[in-house]
Protein chains: 2
Amino acid sequence: MRPFFHPAIESVQPEAILHALSDPNRAAIFANIMREGGIKTCSAVSALGDRVIPKSSLSNHFKVLREAGLIRSERHGVEMRNHPRWTEVEVRFPGLLAAIISAYAADSQASGE
Amino acid sequence: MRPFFHPAIESVQPEAILHALSDPNRAAIFANIMREGGIKTCSAVSALGDRVIPKSSLSNHFKVLREAGLIRSERHGVEMRNHPRWTEVEVRFPGLLAAIISAYAADSQASGE
DNA sequence: TCCATAGTTCGGATATTACGAACTATGGAA
DNA sequence: TTCCATAGTTCGTAATATCCGAACTATGGA
């Protein structure tokens with residue numbers, strides 16, 4: 001288990017962010033991490049909505065979010081805590097994350113949530 | 001050559017938009033279409049920056065943008081004209097497209113344009 | 001009718017993604 | 001200490017998507 005790679009904020013690419021959040025599962029995970037009191041550990045999300053996500057897929061989703069520069073993961077004892085890198089990303093790409101998250105919210109609102 | 005499919009604006013999904021624009025080539029094409037006096041036909045973009053994009057790939061890029069609900073394509077004589085569906089998308093997902101396009105602009109700005 | 005232009009479709013090589021099974025790391029209990 | 005439970009990663013492979021050259025289709029002139 002090699003240590004995690006977290007890109008420096010200057011080398012975070014818009015395409016990586018869009019790609020990471022173009023998967024609805026990942027977007028939901030990230031939106032949850034962004035919320036105050038949101039998911040911090042991986043296992044806390046093992047079922048998202050009504051869909052069960054296998055551990056290995058989940059692990060990969062967190063990796064994609066991490067390598068896109070969206071979250072920072074650090075081990076605390078036996079578990080992993082994931083924090084959003086919102087303020088950093090906001091400085092580099094103002095308004096981007098908020099627009100994406102509210103787009104998903106608007107969509108789930110519209111489609112009979 | 002079956003007629004093009006353009007999704008109704010209500011059925012445009014955020015994930016499709018993010019996926020379409022998570023490819024830098026497509027994002028550049030779309031940004032150009034968005035600009036007043038931007039690219040209208042497909043062949044007008046055959047070289048983007050210094051990279052040559054094959055016709056078939058280009059055709060596919062336009063298809064992805066179209067099916068994501070980002071552009072509307074219609075034939076005019078021998079060529080295809082592509083218009084952005086900006087105002088429609090803006091109503092459904094306010095601020096999304098502007099944030100994405102300016103994120104790419106900020107990035108190319110920063111990385112020695 | 002024939003040709004040039006503009007773009008699409010097909011097909012196969014290549015790259016990504018998904019997920020079960022096996023593994024690693026940490027903390028606590030016996 | 002040893003053993004177990006928890007939390008998560010890595011590996012391998014099957015399914016899926018993407019890229020791009022070659023062949024095709026559609027339209028408007030000469």
Side-chain angles (χ1 to χ4, degrees), chain A residues 1-6 13 15-30 32-33 38-68 70-83, chain B residues 1-6 13 15-30 32-33 38-68 70-83:
Chain A
M1 233 178 255
R2 46 187 160 295
F4 293 140
F5 173 65
H6 293 102
Q13 303 295 123
E15 54 263 46
I17 292 182
L18 296 192
H19 172 249
L21 298 178
S22 70
D23 178 296
N25 283 334
R26 276 193 301 259
I29 292 170
F30 181 65
N32 201 312
I33 291 177
I39 294 163
K40 291 289 179 299
T41 66
C42 299
S43 62
V45 76
S46 63
L48 197 73
D50 50 357
R51 177 120 171 63
V52 174
I53 305 175
K55 287 205 305 180
S56 56
S57 306
L58 207 49
S59 176
N60 192 55
H61 286 324
F62 277 93
K63 181 183 178 193
V64 171
L65 291 171
R66 193 160 52 232
E67 297 189 347
L70 290 167
I71 63 177
R72 197 177 288 279
S73 310
E74 46 189 58
R75 169 156 252 161
H76 274 249
V78 76
E79 71 193 11
M80 219 68 199
R81 300 217 190 123
N82 298 285
H83 340 269
Chain B
M1 231 178 258
R2 45 187 160 297
F4 292 140
F5 172 65
H6 293 102
Q13 302 296 122
E15 54 263 45
I17 292 181
L18 297 192
H19 172 251
L21 298 179
S22 71
D23 179 298
N25 283 335
R26 276 192 303 259
I29 292 170
F30 181 65
N32 202 311
I33 291 177
I39 294 164
K40 291 290 178 299
T41 65
C42 299
S43 62
V45 76
S46 62
L48 197 75
D50 50 357
R51 177 119 170 66
V52 174
I53 305 175
K55 287 205 306 181
S56 56
S57 305
L58 208 48
S59 176
N60 192 56
H61 286 324
F62 277 93
K63 181 183 178 193
V64 171
L65 290 171
R66 193 160 52 232
E67 297 189 346
L70 290 168
I71 63 176
R72 197 176 287 280
S73 309
E74 45 190 57
R75 169 157 252 160
H76 274 250
V78 76
E79 70 191 13
M80 220 66 200
R81 300 215 191 125
N82 299 283
H83 338 270

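Residue numbers start from 1 in every chain, and the chains themselves are labelled A, B, ... in the order their sequence lines are given, proteins ahead of strands.
- From A:His61, atom NE2 reaches atom CG of A:Asn25 across 4.5 Å, with rounding to the nearest 0.5 Å.
- The separation between B:Asn60 atom CG and C:dA15 atom P is 18 Å, rounded to whole Å.
- Look at A:Ser56 and you won't find any side-chain N or O under 4.0 angstrom from OP1 or OP2 of C:dG20.
- Contact annotation: A:His19 does not reach the phosphate of D:dT18 (side-chain N/O to OP1 or OP2, under 4.0 Å).
- Among C:dG7, D:dA7, D:dG21, the nucleotide with an atom closest to any side-chain atom of A:Lys55 is D:dA7.
- Both B:Arg81 and A:Ser57 sit near DNA chain C, but only B:Arg81 has its closest nucleotide nearer the 5' end.
- For D:dA7, the OP1/OP2 oxygens have no side-chain nitrogen or oxygen of A:Thr41 closer than 4.0 Å.
- The end-to-end axis angle of the helix from C:dT1-D:dA30 to C:dA30-D:dT1, rounded to 10 degrees and based on five pairs per end, is 0°.
- Closest to the B:Phe4 side chain, of the nucleotides D:dC20, C:dT8, C:dG20, is C:dT8.
- For B:Val78, the listed nucleotide lying nearest its side chain is D:dT27; candidates were D:dT10, C:dC19, D:dT27.
- Here D:dA17 presents its C1' atom at 13 Å from CG of B:Asp23, a figure rounded to the nearest Å.
- Of all heavy-atom pairs spanning A:Ala20 and A:Ala68, the tightest one is CB-CB, 3.9 Å.
- Note on A:Glu79 versus A:Arg81: salt bridge recorded, some NZ/NE/NH1/NH2 to OD/OE distance being below 4.0 Å.
- Across all strands shown, A:His76 has no heavy atoms under 4.0 Å from either base or sugar-phosphate atoms.
- The NE2-C1' distance, from B:His61 to C:dG7, rounds to 15 Å in whole Å.
- Atom P of nucleotide C:dG28 and atom CD of A:Glu79 are separated by 11 Å, given to the nearest angstrom.
- Counting heavy atoms from C-beta on, the side chains of B:Leu65 and B:Arg26 come closer than 4.5 Å.
- Spacing between atom CG of B:Leu58 and atom C1' of C:dT9 amounts to 15 Å, rounded to whole angstrom units.
- Closest approach of A:Ser73 to A:Arg66, counting heavy atoms only: OG-NH1, 3.1 Å.
- Side-chain atoms of A:Leu70 and A:Ile33, non-hydrogen and from C-beta on, never get closer than 4.5 Å to each other.
- When the C1' atom of C:dC19 is taken as reference, atom CZ of A:Arg26 falls 15 Å away, rounded to whole Å.
- A:Glu74 places its CD atom 16 Å from the C1' atom of D:dG8, with the value rounded to the nearest Å.
- Both B:Val64 and A:Lys63 lie near DNA chain D, and the one whose nearest nucleotide falls closer to the 5' end is A:Lys63.
- Rounding to the nearest 0.5 angstrom, the gap separating the CG atom in A:Leu18 from the CG atom in B:Asp23 is 10.5 Å.
- A pairwise comparison of heavy atoms in A:Glu15 and B:Pro24 identifies OE2-CG, 3.6 Å as the closest pair.
- At whole-Å resolution of the value, CD1 in A:Ile53 and P in C:dA18 are 10 Å apart.
- In this structure, of D:dA26, D:dC20, D:dT9, it is D:dT9 that holds the atom nearest to the side chain of A:Arg66.
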